[in-house]
Student: 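Below are the structure tokens for one structure; questions will follow.
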Amino acid sequence: MAIFKIKGGPTSPEKNSLPRRKLGALFASDPSTQDTDHVDPFTHYYNHSSLYPKKNKHSPPRNSDASPIAIRSPRYNPTMYYSGPSTPSSSPYDHLMSPLAQPSPYINSPWIHQPAGLLAPGDEDGEQEIGVSPDKCGFMGSISREEGHVYSLAASGGLLYTGSDSKNIRVWKNLQEFSGFKSRSGLVKAVVVLGNKVFTGHQDGKIRIWRFLGADRRNRHKFVGSLPTTRELVAKSINRKNYVEVRRNRNVPWVKHYDAISCLSIDAEQGLLYSGSWDKTLKVWRISDSKCLESIQAHDDAVNSVVVGFDGLVFTGSADGSVKAWRRELVGKSTQHVLVDTLLKQDHAVNSVVVMHSAGALYAGSSGGLVNFWEREKHFMSYGGVLRGHKLAVLCLAVGGNLVLSGSADNSICVWRRDDGADHTCVAVLTGHSGPVKCLAVEKDEAAGEESDQRWIVYSGSLDKSVKVWRVAERGQSVKELEEDAEE
């Protein structure tokens with residue numbers, strides 16, 4: 001297999017000697033108080049996404065797929081699995097329906113629970129899907145909400161955390177509302193969990209930390225701090241050398257993200273938290289003392305995804321169309337992340353990267369509708385191939401066992417099984433969402449017992465303001481085999 005590699009450039013953060021900003025501006029968390037050139041999530045995506053034609057000649061030259069809002073796609077066709085991606089087509093989004101214009105009070109839960117066995121939302125012809133019984137694979141249930149698009153999911157310990165473009169993070173257990181907590185900033189684009197700590201990434205460039213206190217407590221989650229901490233931000237703001245220029249006439253301390261946080265990933269073994277942002281940087285945080293260890297100018301456009309890999313590697317995907325591999329190494333007297341290789345460089349934005357640790361494989365989904373993957377080899381990694389299953393942008397990826405799941409702007413989820421020899425088979429296509437699938441989370445199905453066929457619970461969050469729950473199995477007939485049986 002030929003190795004597909006392109007060397008990258010320097011990675012050290014810029015730490016120029018620049019004029020300091022006023023102290024009050026450093027702590028501004030409300031997007032409305034930021035500079036007038038700050039781009040809100042809807043304008044950012046609509047003006048710069050490769051899924052939409054450019055309408056505004058004054059838009060800055062940025063091609064970010066960090067936060068899609070609305071896409072009209074053709075009705076799903078099962079034969080799409082066998083065809084390559086086509087050129088996306090869409091219509092302009094109605095600004096009156098912008099999620100940022102929709103108020104959402106926290107006190108009255110807007111979620112509507114739909115348990116397994118009831119009718120699922122129908123397709124374009126009004127047909128409805130029947131939920132399956134608890135011991136079968138397929139659609140299990142749906143949670144519909146009215147407070148905004150669902151941008152992030154995290155599943156841990158039987159709990160499901162959901163983030164949206166409102167200020168609320170909801171917590172669910174067995175498809176029932178379990179808890180919830182409210183932040184000071186909307187658009188929760190990333191949620192990760194480590195033990196009893198929950199980390200959320202927000203539009204204002206802050207990472208907020210919450211602690212789970214227990215199921216028997218009235219307030220089950222408590223806010224415990226944010227990154228960067230106030231103490232560290234004040235300490236860094238004193239010295240001019242700690243400032244970096246982020247755009248013309250604006251500079252901030254290097255420990256602070258100045259744009260929305262788009263992704264988070266945890267290295268539990270090393271006790272590190274990685275955060276990627278629309279400000280093009282990757283920051284490294286030590287969880288034990290909440291200190292920012294490093295800031296890397298990682299890409300030429302928004303960092304859309306980051307994932308902790310194997311062999312000490314960290315992978316990032318960006319709206320600049322690249323996938324990069326980083327490794328933490330000793331440089332002089334300090335430990336820094338250095339660029340190992342640029343695995344991919346293309347025109348289409350990379351929206352999501354995930355790692356299958358058991359196989360030593362990396363997957364990257366992009367706006368061209370493809371999922372590229374790489375294999376671990378003796379010296380580094382080699383290009384493995386591409387998965388074709390969607391006609392519009394791949395917005396999210398998730399891994400469970402030997403399964404890879406891809407959520408797309410065509411409203412569908414493809415389930416791929418990785419077989420021996422790095423072959424991939426599409427074992428299922430999950431449909432039912434009426435909007436693009438923006439985020440996925442996978443959790444082992446503990447109710448499956450000691451069965452030979454491992455089963456997984458899949459959560460899919462969509463811009464149709466709903467979360468759907470599915471059960472999938474690693475073994476089973478592929479889509480192609482099912483179609484052949486139907487023809488016979």
Side-chain angles (χ1 to χ4, degrees), residues 1-13 190 192 194 199 201 262-277 280-287 292-300 302-332 334-346 350-366 371-387 396-402 404 418 422 442:
M1 186 68 69
I3 299 177
F4 184 73
K5 297 182 180 178
I6 302 175
K7 294 297 180 182
T11 63
S12 59
V192 292
L194 177 63
F199 301 85
S262 54
C263 51
L264 297 170
S265 185
I266 291 177
D267 185 341
E269 183 177 345
Q270 298 295 327
L272 299 177
L273 172 69
Y274 294 85
S275 61
S277 169
K280 311 175 188 178
T281 67
L282 172 69
K283 297 191 188 298
V284 187
W285 312 83
R286 189 163 55 206
I287 296 176
C292 185
L293 302 178
E294 193 177 354
S295 180
I296 307 167
Q297 192 68 31
H299 290 273
D300 296 328
V303 180
N304 287 338
S305 185
V306 59
V307 62
V308 174
F310 37 79
D311 299 334
L313 294 172
V314 177
F315 301 98
T316 56
S318 169
D320 64 12
S322 67
V323 175
K324 294 184 178 181
W326 311 82
R327 179 179 281 120
R328 194 166 183 243
E329 297 180 353
L330 185 63
V331 180
S334 62
T335 303
Q336 298 179 8
H337 284 78
V338 298
L339 180 64
V340 179
D341 204 352
T342 300
L343 298 173
L344 179 67
K345 184 63 179 177
Q346 61 179 12
V350 177
N351 297 317
S352 181
V353 291
V354 296
V355 166
M356 184 180 288
H357 289 270
S358 61
L362 169 71
Y363 297 83
S366 65
V371 178
N372 292 276
F373 66 95
W374 294 261
E375 308 285 331
R376 176 172 55 185
E377 291 193 342
K378 182 177 181 180
H379 297 291
F380 184 52
M381 301 185 71
S382 65
Y383 183 69
V386 63
L387 307 180
C396 54
L397 297 171
V399 169
N402 291 326
V404 181
R418 180 186 176 89
V442 180

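Below, each value reflects all heavy atoms present in this structure, side chains not excepted, and no hydrogens, waters or symmetry copies. In this chain, numbering begins with 1 at the start of the sequence shown.
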Student: Could you report the tightest heavy-atom contact between S382 and E377, atom names first, then the distance?
Tutor: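 Smallest interatomic distance, heavy atoms only, reads OG-OE2, 2.9 Å.
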Student: If you take all heavy atoms of V442 and G400, which pair is closest and at what distance?
Tutor: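 Looking at all heavy atoms of both residues, the closest pair is CG1-CA, 3.9 Å.
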Student: Just verifying a value: how many Å separate L282 CG and T316 OG1, rounded to the nearest 0.5 Å?
Tutor: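 Result: 6.5 Å between the selected atoms.
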Student: Does the pair V303 and C263 meet the rule for a side-chain contact (heavy atoms from CB on, under 4.5 Å), with working shown?
Tutor: CA-CA 8 Å; V303 180; C263 51; 4.1 Å; yes
Student: Under the criterion side-chain contact (heavy atoms from CB on, under 4.5 Å), I'd like the reasoning laid out for F373 against V404: C-alpha separation, chi angles, the key distance, then a yes or no.
Tutor: CA-CA 11 Å; F373 66 95; V404 181; over 6 Å; no
Student: K283 and S295: which non-hydrogen atoms are nearest, and at how many Å?
Tutor: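 Here K283 and S295 meet closest at NZ-OG, 2.7 Å.
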Student: Are any side-chain N or O atoms of N304 and backbone N or O atoms of V350, one a donor and one an acceptor, separated by less than 3.5 Å?
Tutor: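 Present.
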Student: Do V314 and V284 have side chains that get closer than 4.5 Å, going by heavy atoms?
Tutor: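 They are not in contact (no side-chain heavy atoms under 4.5 Å apart), so the answer is no.
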Student: Give me the atom names and distance for the closest heavy-atom approach of S366 to Q346.
Tutor: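 Nearest heavy atoms, S366 then Q346: CB-NE2, 3.1 Å.
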Student: Among all residues two or more places apart in sequence or in another chain, which pass the side-chain hydrogen bond (donor to acceptor under 3.5 Å, both in side chains) test with R418?
Tutor: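 In terms of side-chain hydrogen bond (donor to acceptor under 3.5 Å, both in side chains), with neighbours along the sequence ignored, R418 is linked to Y363, E375.
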Student: Roughly how far, to the nearest 0.5 Å, is the CZ atom of F310 from the OG atom of S358?
Tutor: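 The distance works out to 10.5 Å.
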Student: As an exercise, state the distance from CD of Q336 to CD1 of I296, rounded to the nearest 0.5 Å.
Tutor: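 Result: 8.5 Å between the selected atoms.
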Student: Rounded to the nearest 0.5 Å, what separation is found between the CG atom of L264 and the CZ atom of F199?
Tutor: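 The distance works out to 9.0 Å.
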Student: Can you tell me how far apart CG (D311) and CZ (R376) are? Round to the nearest 0.5 Å.
Tutor: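 Here the interatomic distance stands at 5.0 Å.
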Student: Between D267 and Y274, is there a side-chain donor-acceptor contact under 3.5 Å, judged purely by atom types and distance?
Tutor: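 Y274 vs D267: no donor-acceptor pair found between side chains.
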Student: Can you name the closest pair of heavy atoms from S318 and A302 and give their distance?
Tutor: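 The answer is OG-O, 2.8 Å.
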Student: Going through the distances and angles, do L272 and V308 end up as a side-chain contact (heavy atoms from CB on, under 4.5 Å)?
Tutor: CA-CA 10 Å; L272 299 177; V308 174; over 6 Å; no
Student: Hey, could you give me the CZ/CG distance between R327 and L313, rounded to the nearest 0.5 Å?
Tutor: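 One finds 4.5 Å between CZ of R327 and CG of L313.
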Student: Does E294 use its side chain to pair, donor to acceptor, with the backbone of H337 at less than 3.5 Å?
Tutor: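 Yes.
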Student: Taking it one step at a time, do L293 and R328 satisfy side-chain contact (heavy atoms from CB on, under 4.5 Å)?
Tutor: CA-CA 12 Å; L293 302 178; R328 194 166 183 243; 4.0 Å; yes
Student: Give a yes or no on whether the backbone of S322 and the side-chain of D320 come within a donor-acceptor separation of less than 3.5 Å.
Tutor: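 Answer holds: yes.
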Student: Please check: side-chain N/O of S305 versus main-chain N/O of V353, any donor-acceptor pairing under 3.5 Å?
Tutor: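 Indeed, once roles are kept as given, a pair shorter than 3.5 Å links the two residues.
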Student: Considering non-hydrogen atoms only, spot the tightest contact between G309 and H357 and give its length.
Tutor: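 That would be O-CE1, 3.3 Å.
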